[in-house]
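Letters A, B, ... mirror the listed sequences (proteins, then strands); counts begin at 1. These numbers come from the heavy atoms of this one structure, side chains and all, not from hydrogens, waters or symmetry mates.
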There are 2 protein chains.
Amino acid sequence: MKSVSEFDSDSPRHRAPTIKDVAARAGVSTATVSRYLNGSPVRQAALVRDAIEALAFRPNQLARSLKSGSTRSIGVLVPDIANPFFADVVKGIESVLRTGEYSLLLCNTDESVERERSVSLTLLQKRVDGILMAPATEQSEAPLILRARHVPVVFVDRRIASDGFDYVLVDNAAGARQAAEHLVSLGHERIALISGPLDTTPGRERHAGFEQGLQACGLEIRPEYLQVSDFREEGGYQAAFRLLATQPPPTAMFVANNLMAIGALRALHSLGVRIPEEMSFVSFDDLALAELTTPPLTVVSRPSTEQGVLAMRLLQFRMDQGDEPATREIVLETRLIVRGSTAPAPVPAPAT
Amino acid sequence: MKSVSEFDSDSPRHRAPTIKDVAARAGVSTATVSRYLNGSPVRQAALVRDAIEALAFRPNQLARSLKSGSTRSIGVLVPDIANPFFADVVKGIESVLRTGEYSLLLCNTDESVERERSVSLTLLQKRVDGILMAPATEQSEAPLILRARHVPVVFVDRRIASDGFDYVLVDNAAGARQAAEHLVSLGHERIALISGPLDTTPGRERHAGFEQGLQACGLEIRPEYLQVSDFREEGGYQAAFRLLATQPPPTAMFVANNLMAIGALRALHSLGVRIPEEMSFVSFDDLALAELTTPPLTVVSRPSTEQGVLAMRLLQFRMDQGDEPATREIVLETRLIVRGSTAPAPVPAPAT
DNA sequence: TCGAATTCAGATACCGATTTCATCCGCGCA
DNA sequence: TGCGCGGATGAAATCGGTATCTGAATTCGA
């Protein structure tokens, strides 16, 4: 083999230039280049700058992170990025990230604890500086693994059973209660509920809040009017179908999230059920076209993007503070937006 | 200061265990542990396994990546994750990732070339193995920087001016043409267009396709019926308002994406314009509630999630193949879904 | 003009893994 | 019993940066 020293030293085929290449070109040591990069005063600054420019050198963040212990990246675990709510949350997170140099590692968990676990381990290996997550269930163990490793974790929208974590939540119970009271105040008595999984915070709290709201008005939810579903469009579709098959059918329904609401509406639509004449309809979470449907939808709305923003701020704080023991919990307000999909009950209840 | 050697060596306060800790505990060398981790036959396998178990050791991916040159992560650049289309694309990407051990670094570019540039540089420093992006404009320079560094890049939904890249696109022109022909076939002549930015592929192609479609039917778009907007909801709202102020107003409109369509619908709604009696409405991209509005919306639909899946597959291929020169271009079909928001023109055109 | 204080540069250890290379061990066979 | 061989092992180099330590050069005051 002939000598290829020229190739070796001068034109590293596809190799990204390293600090060594810069040092050689500028005629200084790598330590000096490193100092230049980090703002220390360097006499030959001009030479170093030119060398960096000429080679289009970009310091390898991996090497930096390995030494410094900080990767400047955070993990975000959401059940479903195609759910507009979580897309909004992620957008909120992203908008705060932007100010710094952090990156966002996004993971879909598909509501699966198994996947949540494996993804958490991967993030652990990748040494993210912090994690924002909406756990799959309240019994998720992944967060505990993370805490054992002292990775800061902030929960968005959902709790887990064990405490000692930071949270950014919304007042699900109050929102659902408002929805219940609204329906009752319109004279409804045959009221149905399409719930989410009861081992998730929003599922449980919205369910409980709605029942509470009814009970406060002296009503109970009949078993046949209760459908526990899965927060998915298809689940909402099926549930609505089952509800409509009961005799007599309900005159009002509350659907516990946006995707199930879409599914339920599709079902009502396909059965030709008129809203609100035959069925009053309220759901949790606003939807892009909610005010443009006919009738426009009455919903329990909440600040989705803000949930993301606040969660990221909390995580920032947590990452800076290290092991501050006090935990923080932010609970945002929901708002009932009454549009046209709810109306007085068709057969007025007898007055007391 | 007193000696704290016990702390140093025995109870590493918050430090994650390293391969060295495992080696010490198992009484072997780090090389052996490494070999065990990578599947080489090791005599003391049981001891090593126990040590790993006991310490809950997880190899530091940073160190691995530094040595191997592969980070097992890819960057994804989208203009707006809150746009349901891009959320679907990302979900598609994610679903392919899942099979392997890759992670996804998500970046919002907000349609800004400046932000796109800075984010690309960050990803470069993070040494991602590949990048999927929907460039902000066709003149984006970020991809060229990436190519200079030999990072595989696949474009989703949008092109850039320079060639030599892989693409997963949809046939925007055909979709827009179909929309145009559909409106003309209903007898419309006063047809308006709300376009996206013309320096983006979908903006340009849908615009051109729609004009072509009209021209093929012997129609021209009147200047006052043309609004070039920005793919955002607010932009669509404004544009629709301006269109409705013309005299005479158009009897039909085509809106070039989902968010602008929502904005435009809001405007029409607030002005009390009846659809389809006074205005036929078609838009590009399906929407979650599109078939539940009254009337249900006629749209040009396309396989969003599939675009993500295919793009990720292409990137996988590209990352495996290295510097295969041949580029691939996948163009998916659109589909016109005629629902109720388009109807015959109110004043029939005189027959030939 | 000399000595002390201050800067700045270079050599080198280090972060936590992988990998090469030389060594060593046990085993089979003569 | 001795030799050779295959396979497992440990020491050490390496990836690309940062940080410490030491030595040299500069500056300043006396």
Side-chain angles (χ1 to χ4, degrees), chain A residues 8-9 12-49 51-52 55-73 101 122 124-129 149, chain B residues 8-9 12-49 51-52 55-73 101 122 124-129 149:
Chain A
D8 290 346
S9 60
R13 301 280 290 170
H14 282 178
R15 225 189 71 249
T18 74
I19 200 171
K20 222 176 275 184
D21 302 320
V22 175
R25 192 173 227 272
V28 298
S29 73
T30 61
T32 300
V33 178
S34 174
R35 275 187 283 258
Y36 171 83
L37 290 172
N38 295 301
S40 294
V42 161
R43 233 187 273 292
Q44 310 281 40
L47 274 180
V48 177
R49 180 166 33 73
I52 289 176
L55 298 171
F57 167 77
R58 295 250 124 208
N60 185 327
Q61 181 66 39
L62 290 171
R64 275 187 163 170
S65 298
L66 181 57
K67 188 93 225 282
S68 71
S70 155
T71 53
R72 312 233 117 219
S73 61
E101 280 307 300
T122 303
L124 217 49
Q125 291 193 221
K126 290 243 159 85
R127 297 298 193 265
V128 292
D129 293 346
R149 282 286 189 253
Chain B
D8 290 347
S9 60
R13 302 278 291 168
H14 283 178
R15 225 188 71 248
T18 73
I19 200 173
K20 221 176 277 181
D21 302 320
V22 175
R25 193 174 226 273
V28 298
S29 74
T30 61
T32 300
V33 178
S34 173
R35 277 188 278 259
Y36 171 83
L37 290 172
N38 294 302
S40 293
V42 161
R43 234 186 275 291
Q44 310 280 38
L47 275 180
V48 176
R49 179 166 34 71
I52 289 176
L55 297 171
F57 166 77
R58 296 249 121 210
N60 185 328
Q61 181 65 40
L62 289 172
R64 276 190 162 169
S65 299
L66 181 58
K67 190 92 225 291
S68 70
S70 154
T71 53
R72 311 235 116 216
S73 60
E101 279 307 301
T122 303
L124 217 50
Q125 292 193 221
K126 291 243 158 87
R127 298 296 194 265
V128 293
D129 293 346
R149 282 285 189 257

A.B. asks: Need the bend value for the helix from C:dT1-D:dA30 to C:dA30-D:dT1: angle between end axes, 5 pairs each end, nearest 10°.
C.D. replies: 50°
A.B. asks: Output all residues satisfying side-chain contact (heavy atoms from CB on, under 4.5 Å) with B:Arg25, sequence neighbours left out; order by chain, then residue number.
C.D. replies: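 Listed in chain order: B:Ala51, B:Ala54, B:Leu55.
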A.B. asks: May I ask you to say what A:Phe57 touches in the nucleic acid, namely base, sugar-phosphate or nothing, with a heavy-atom cut-off under 4.0 Å?
C.D. replies: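 Answer is sugar-phosphate: A:Phe57 comes under 4.0 Å of backbone atoms only.
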A.B. asks: Under the rule for side chain to side chain donor-acceptor pair (under 3.5 Å), what residues qualify as partners of A:Arg58, not counting sequence neighbours?
C.D. replies: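 For A:Arg58, the residues satisfying side chain to side chain donor-acceptor pair (under 3.5 Å) (neighbours in sequence not counted) are B:Gln125.
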A.B. asks: Do B:Asn38 and B:Arg64 have side chains that get closer than 4.5 Å, going by heavy atoms?
C.D. replies: yes
A.B. asks: Would you say B:Thr30 and B:Thr18 make side-chain contact, with heavy atoms under 4.5 Å?
C.D. replies: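 No, their side chains stay 4.5 Å or more apart.
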A.B. asks: Once side-chain contact (heavy atoms from CB on, under 4.5 Å) is applied, do any residues pair with B:Thr71, and if so which ones, sequence neighbours excluded?
C.D. replies: A:Leu62, B:Ser65, B:Ser73, B:Arg127, B:Asp129
A.B. asks: Among residues at least two apart in sequence or on other chains, which ones pass side chain to side chain donor-acceptor pair (under 3.5 Å) with A:Ser40?
C.D. replies: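 None.
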A.B. asks: Could you run through nucleotides 18-28 of chain C and give me one letter per nucleotide, 5' to 3': B if any protein heavy atom sits under 4.0 Å from the base, S if only the sugar-phosphate is that close, - if neither?
C.D. replies: BBB--------
A.B. asks: When you check the phosphate oxygens OP1 and OP2 of C:dG16, does a side-chain N or O of B:Thr18 lie under 4.0 Å from one of them?
C.D. replies: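 No, B:Thr18 has no side-chain N/O under 4.0 Å of OP1/OP2 on C:dG16.
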A.B. asks: Kindly write out the residues that satisfy side chain to side chain donor-acceptor pair (under 3.5 Å) with B:Ser29, not counting sequence neighbours, or none if the list is empty.
C.D. replies: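 Once residues adjacent in sequence are excluded, the partners of B:Ser29 under the side chain to side chain donor-acceptor pair (under 3.5 Å) criterion are B:Thr32.
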A.B. asks: Atom OG of B:Ser70 and atom CZ of B:Arg72: how far apart are they, to the nearest 0.5 Å?
C.D. replies: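 Between B:Ser70 OG and B:Arg72 CZ, I get 5.0 Å after rounding to 0.5 Å.
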A.B. asks: Need two values: the first and the last nucleotide of DNA chain D, 5' to 3', having an atom under 4.0 Å from any heavy-atom of chain B.
C.D. replies: D:dA8 to D:dG16
A.B. asks: Test of understanding: with side-chain contact (heavy atoms from CB on, under 4.5 Å), list the residues that count as partners of A:Arg49, not counting sequence neighbours.
C.D. replies: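 So A:Arg49 forms a side-chain contact (heavy atoms from CB on, under 4.5 Å) with A:Tyr36, A:Ala46.
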A.B. asks: Please classify the nucleic acid contact of B:Gln61 as base, sugar-phosphate, or nothing, using heavy-atom distances under 4.0 Å.
C.D. replies: nothing
A.B. asks: Restricting to side-chain contact (heavy atoms from CB on, under 4.5 Å), what partner residues turn up for B:Ala63, sequence neighbours left out?
C.D. replies: A:Leu66, B:Asn60
A.B. asks: Closest-nucleotide mapping onto DNA chain D: is B:Val42 or B:Arg127 further toward the 5' terminus? I mean the 5' end.
C.D. replies: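 The answer here is B:Val42.
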